[in-house]
Participant: 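This is the structure I want to talk about, given as structure tokens.
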Amino acid sequence: MSKYDFGAYNPASIEKKWQKIWEDNATFEPSPDHSKPKFYGLIEFPYPSGNGLHVGHPRSNTAMDIICRKRRMEGYNVLFPIGWDAFGLPTENFAIKNKIHPEIVTANNIERFRKQLKMLGFSFTWTSEVNTTDPAYYHWTQWIFLQLFKAGLAYKAEMPINWCTSCKVGLANEEVVNGVCERCGGEVVRKVKSQWMLKITEYAQKLIDGLDTVDFIEKVKIQQRNWIGKSTGAEVDFKIKDADDSIRVYTTRPDTLFGATYMVISPEHKYIEKYKDRITNYAEVEAYKDAAAKKSEFERTELAKEKTGVELKGLTAINPVNGKEIPVWTSDYVLSSYGTGAIMAVPAHDDRDFEFAKKFNIPIIQVVGGCDITNAAFTDINSGTMINSGFLDGLSVTEAKKKIISYLEEKGIGTGKVNYKLRDWVFSRQRYWGEPIPVVNCPKCGYVPLDEKDLPLLLPEIDNYVQTDSGESPLVNVPEWVNTTCPCCGGPAKRETDTMPQWAGSSWYFIRYTDPKNANELASQEAMKYWLPVDWYNGGMEHTTLHLLYSRFWHKFLYDIGVVPCPEPYQKRTSHGMILGENGEKMSKSRGNVINPDDIVNEIGADAFRLYEMFMGAFDQPIPWSTDGARGCYRFLERVYKLMKFVTEEKEISKQHEKSVNIAIKKVSEDYEKMKYNTAIAAMMGLVNDFYAAGTLSKGDLATLLKLLYPVCPHMTEEMWQLVELPGMVHEAKWPECDESKTVSQEVEIAIQILGKIKARINVPTSLDRNQLAEYVLENDEVKALIDGRAVRKVIAVPGSLVNIII
RNA sequence: GCGGAUAUGGUGGAAUGGCAGACACGUUGGUCUUAGGAACCAAUGCGAGAGCGUGCAGGUUCAAGUCCUGUUAUCCGCACCA
């Protein structure tokens with residue numbers, strides 16, 4: 001027995017002790033020396049909800065903590081900041097219900113989150129903390145808005161909101177459940193309001209192109225590209241018969257123009273109103289329009305299984321390429337928000353049009369040959385040649401597309417057009433708990449931005465956070481705040497009372513982290529040049545299309561106006577899976593399956609908790625929680641702790657364990673980088689099992705294990721490092737390097753297959769190449785017996801693995 | 001509906017096209033014990049066995065959990081939840 005026997009593992013005291021040491025020594029503060037190589041690791045800053053920390057937060061945090069701790073051991077200057085995304089709906093609703101100011105609610109929630117995060121021992125740069133609701137922070141959120149406004153990227157537009165007819169308040173989508181108000185069950189309709197919009201569409205192409213320059217996991221890139229939804233096609237004008245107007249459509253298939261047998265305009269299309277006198281069945285159309293207004297876009301496309309629609313009787317359009325008169329319909333599967341809000345329908349070559357035409361007995365004209373359209377539309381664009389299409393006949397779809405576009409442009413009836421599904425960002429909320437939009441409305445000058453020197457525009461103190469009956473923000477009830485003077489003409493003017501969405505503050509927080517206390521600018525050039533871009537950003541897949549895209553948009557804009565030094569904010573983006581309840585369902589209060597991190601840490605300690613969250617399964621997959629599994633991780637740490645009893649004074653890696661230790665170094669180092677934490681930990685468990693099987697290990701063996709395990713379980717590894725009298729502290733040690741030469745043995749067991757079936761396992765020298773291995777195996781007596789004199793037709797040898805003999 | 005992903009023992013999961021089930025959890029048996037929700041040891045995919053086994057149906061290959069085609073189920077997102 002060694003002299004290092006310290007009894008039982010006691011995480012509670014060890015963890016407190018080391019958290020204090022790290023804090024007292026400012027161990028994880030980045031160095032001001034900017035000549036050192038830097039690493040900026042980022043996790044999505046939490047929304048400090050009233051429920052406290054969710055077990056999901058530590059999954060992402062621990063993963064990035066592991067990378068950051070490893071980077072420090074590799075010699076990097078590391079920034080790993082934390083902050084609070086604290087504006088938002090739940091806090092405001094809580095404030096309304098309990099009559100407590102949201103600022104106080106927020107402060108309390110943050111306090112609790114901070115305590116919980118500290119309990120888990122993350123190596124955050126606590127001195128860089130930011131809070132989106134702090135005026136010193138939202139000063140710069142407002143400043144960015146002003147720059148967007150000045151660049152013409154902020155504008156006002158009529159946009160629908162969800163309106164509860166009984167509560168008389170605007171609702172977030174989340175508050176609308178099955179088409180009715182979540183709180184009162186009242187009817188929800190779409191009500192149009194004038195709202196601030198940001199022109200993210202202007203950046204659509206840049207946001208696509210930028211993806212080629214960054215290292216995001218592929219599925220994130222794919223989802224972003226699909227969300228932006230670029231398509232190339234054409235806009236074509238269809239003249240309305242006996243009128244001066246044309247219906248403009250957007251189509252990705254101008255090549256099928258000869259097959260257009262009807263048109264569909266969205267129920268909101270302006271021509272319905274304009275031509276109501278000519279529409280003989282207007283009452284029917286109007287009823288349909290009202291019904292459509294009650295559906296969300298989501299429902300409109302979802303319910304598309306059973307297509308509905310009404311013909312606009314009395315209106316006909318003329319197909320510009322063949323002069324044919326075709327009927328005009330309205331249907332809610334055509335959305336006013338995409339393209340021109342009107343389509344030409346080619347039932348032979350579009351699934352939705354096909355279904356619609358079948359239902360309403362509209363003619364179907366095939367214009368791409370070589371296919372069967374009796375039961376379904378033919379939509380493949382890579383085969384078939386044009387038929388029934390006049391001058392396009394005989395061309396391939398691609399050729400036809402080019403030719404028809406130049407024809408349309410020549411004749412002045414259409415143009416080639418790139419379209420994006422991406423829509424502009426609705427930036428207004430009729431809410432209290434958000435950043436005030438720094439604009440005044442002047443009767444003479446229109447919308448005028450505040451002067452930058454007047455920022456931040458503070459949220460006024462109010463008592464009642466409820467919207468007005470007309471759906472205005474509660475800020476309209478504060479006349480002394482609303483009534484102001486125009487920065488332009490000095491005349492009386494009114495402040496904008498809508499506030500910004502929660503997305504605003506989270507769109508640039510990673511910039512503020514680099515210089516969080518700067519009162520003169522959002523961050524200094526020096527700080528941004530050193531720290532940006534973020535080297536590695538981990539977060540949830542659910543943020544892929546909104547937060548990630550919004551923040552890339554803002555960053556690209558700031559780059560274009562010369563504020564930030566790099567065109568992309570995040571060099572690398574990875575993503576974690578959600579932790580589900582023990583029953584495999586999403587954790588929620590109502591399901592009663594919520595696991596509180598405090599309870600787990602009380603029982604098994606932060607190190608075991610961290611270890612379990614990394615071991616529980618593949619990092620990028622959703623996974624159910626298992627408290628039994630977590631206890632298993634505690635047992636592993638106990639076993640590690642008790643290894644000290646067997647440790648010898650030998651300072652080097654022992655001869656006995658050099659192979660397994662070096663294999664573990666390689667495996668753990670590679671797996672951490674690939675975020676394959678579960679297999680990295682499995683490798684360390686294997687190593688510990690080897691140590692126990694041998695009953696002895698050197699101090700060098702233990703030191704290596706401690707260094708590998710330190711990023712996951714920093715407290716207990718620091719403690720053991722100290723107890724066995726290793727020099728310094730483990731976080732100061734250098735990350736171990738694998739000696740490849742020590743990882744191979746002389747002999748290796750391979751499988752012998754006959755006709756693909758495993759028949760035997762034999763040991764062979766590791767050094768044999770493919771041909772040598774085949775020869776060696778055929779000489780083997782056991783193999784000869786298996787072949788039993790039959791003719792060997794082919795031998796496939798895979799060194800280190802198997803030999804397959806075909807007889 | 002659209003976009004993205006996933007499917008392997010009783011459970012969580014491993015597996016550059018090359019020995020399926022590493023590493024754990026759980027379970028069973030044992031040792032020690034006044035005791036065991038402790039520790040340690042052993043067994044543990046199914047099947048008595050030949051064999052059979054990675055959601056389902058096909059295909060490619062000497063070889064498929066992995067590649068291809070189709071299909072089913074589940075999860076995430078869908079723009080005012082964060």
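Chain naming here is simple, since letters A, B, ... match the order of the sequence lines and numbering starts at 1 in each.
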Participant: Is the phosphate of C52(B), meaning OP1 or OP2, less than 4.0 Å from a side-chain N or O of Lys757(A)?
Facilitator: yes
Participant: Quantified in whole Å, what is the C1' atom distance between nucleotide C46(B) and nucleotide C2(B)?
Facilitator: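 Between the two C1' atoms, the distance is 41 Å.
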Participant: Searching all strands shown, indicate the nucleotide that pairs with A22(B) (Watson-Crick or G-U wobble; both distances under 3.5 Å).
Facilitator: none
Participant: Would you check if the distance from the ring center of Phe646(A) to the ring center of Tyr692(A) is below 6.0 Å?
Facilitator: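 Between Phe646(A) and Tyr692(A), the centre distance is under 6.0 Å.
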Participant: Among the nucleotides C81(B), C25(B), G18(B), which one has an atom lying closest to any side-chain atom of Gln753(A)?
Facilitator: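 Nearest listed nucleotide: G18(B).
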Participant: Where the side chain of Thr679(A) is defined as all heavy atoms beyond and including C-beta, which of C80(B), A15(B), G26(B) is the nearest nucleotide?
Facilitator: A15(B)
Participant: Does the salt bridge (Lys or Arg N to Asp or Glu O under 4.0 Å) test come out yes or no for Lys759(A) and Glu782(A), once each step is laid out?
Facilitator: CA-CA 10 Å; Lys759(A) 297 292 180 185; Glu782(A) 198 180 342; over 6 Å; no
Participant: For C2(B), which nucleotide is its Watson-Crick or G-U wobble mate, given both distances must be under 3.5 Å?
Facilitator: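 WC or wobble partner is G77(B).
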Participant: Under 4.0 Å from OP1 or OP2 of C40(B): is there any side-chain N or O of Arg639(A) that close?
Facilitator: yes
Participant: Counting only side-chain N and O atoms of Asn678(A), is one of them less than 4.0 Å from OP1 or OP2 of G13(B)?
Facilitator: no
Participant: Kindly say if Gln502(A) contacts the phosphate of A82(B), meaning a side-chain N or O under 4.0 Å from OP1 or OP2.
Facilitator: yes
Participant: Kindly point out which of C78(B), A82(B), C62(B) is positioned nearest to the side chain of Ile796(A)?
Facilitator: C62(B)
Participant: So, is Asn689(A) near the phosphate of A24(B), with a side-chain N or O under 4.0 Å from OP1 or OP2?
Facilitator: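 Answer is yes, contact under 4.0 Å.
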Participant: Please confirm whether the shortest side-chain N or O distance from Arg225(A) to OP1 or OP2 of G3(B) is below 4.0 Å.
Facilitator: no
Participant: With rounding to the closest Å, how many angstrom separate the P atoms on G10(B) and C67(B)?
Facilitator: 25 Å
Participant: Could you tell me how far A39(B) sits from G49(B) if I compare only their C1' atoms? Round to whole Å.
Facilitator: 39 Å
Participant: Knowing that exactly one of Tyr641(A), Tyr9(A), Phe615(A) qualifies, which makes a ring-ring contact (aromatic ring centres under 6.0 Å, His included) with Tyr634(A)?
Facilitator: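 Testing each of Tyr641(A), Tyr9(A), Phe615(A) against Tyr634(A), the sole residue satisfying ring-ring contact (aromatic ring centres under 6.0 Å, His included) is Tyr9(A).
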Participant: Quick one: label Phe636(A) by what it contacts on the DNA or RNA (base, sugar-phosphate, nothing), any heavy atom closer than 4.0 Å.
Facilitator: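 No contact.
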Participant: Taking syn as within 90° of 0 and anti otherwise, name the glycosidic form of G65(B).
Facilitator: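 This nucleotide is in anti.
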Participant: Give a yes/no answer on whether the side chain of Lys221(A) brings an N or O atom under 4.0 Å of OP1 or OP2 in G3(B).
Facilitator: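 No, outside the criterion.
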Participant: Determine: side-chain N/O of Arg429(A) to OP1/OP2 of C80(B), distance under 4.0 Å, yes or no.
Facilitator: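 Yes.
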Participant: Looking at Arg790(A), I'd like to know if its CZ atom is crowded, meaning that more than 12 non-hydrogen atoms belonging to other residues, nucleotides or ligands lie closer than 6.0 Å.
Facilitator: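 Yes, CZ of Arg790(A) has more than 12 neighbouring heavy atoms, counting only those of other groups under 6.0 Å.
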Participant: Should Phe510(A) and Tyr537(A) be marked as a ring pair (Phe, Tyr, Trp, His ring centres under 6.0 Å) after you check the CA-CA gap, both sets of side-chain angles, and the distance that decides it?
Facilitator: CA-CA 10 Å; Phe510(A) 52 91; Tyr537(A) 189 17; 7.3 Å; no
Participant: Judged by each residue's nearest nucleotide on RNA chain B, which is more toward the 5′ side, Lys421(A) or Asp620(A)?
Facilitator: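 First, find each residue's nearest nucleotide; the 5'-ward one identifies Asp620(A).
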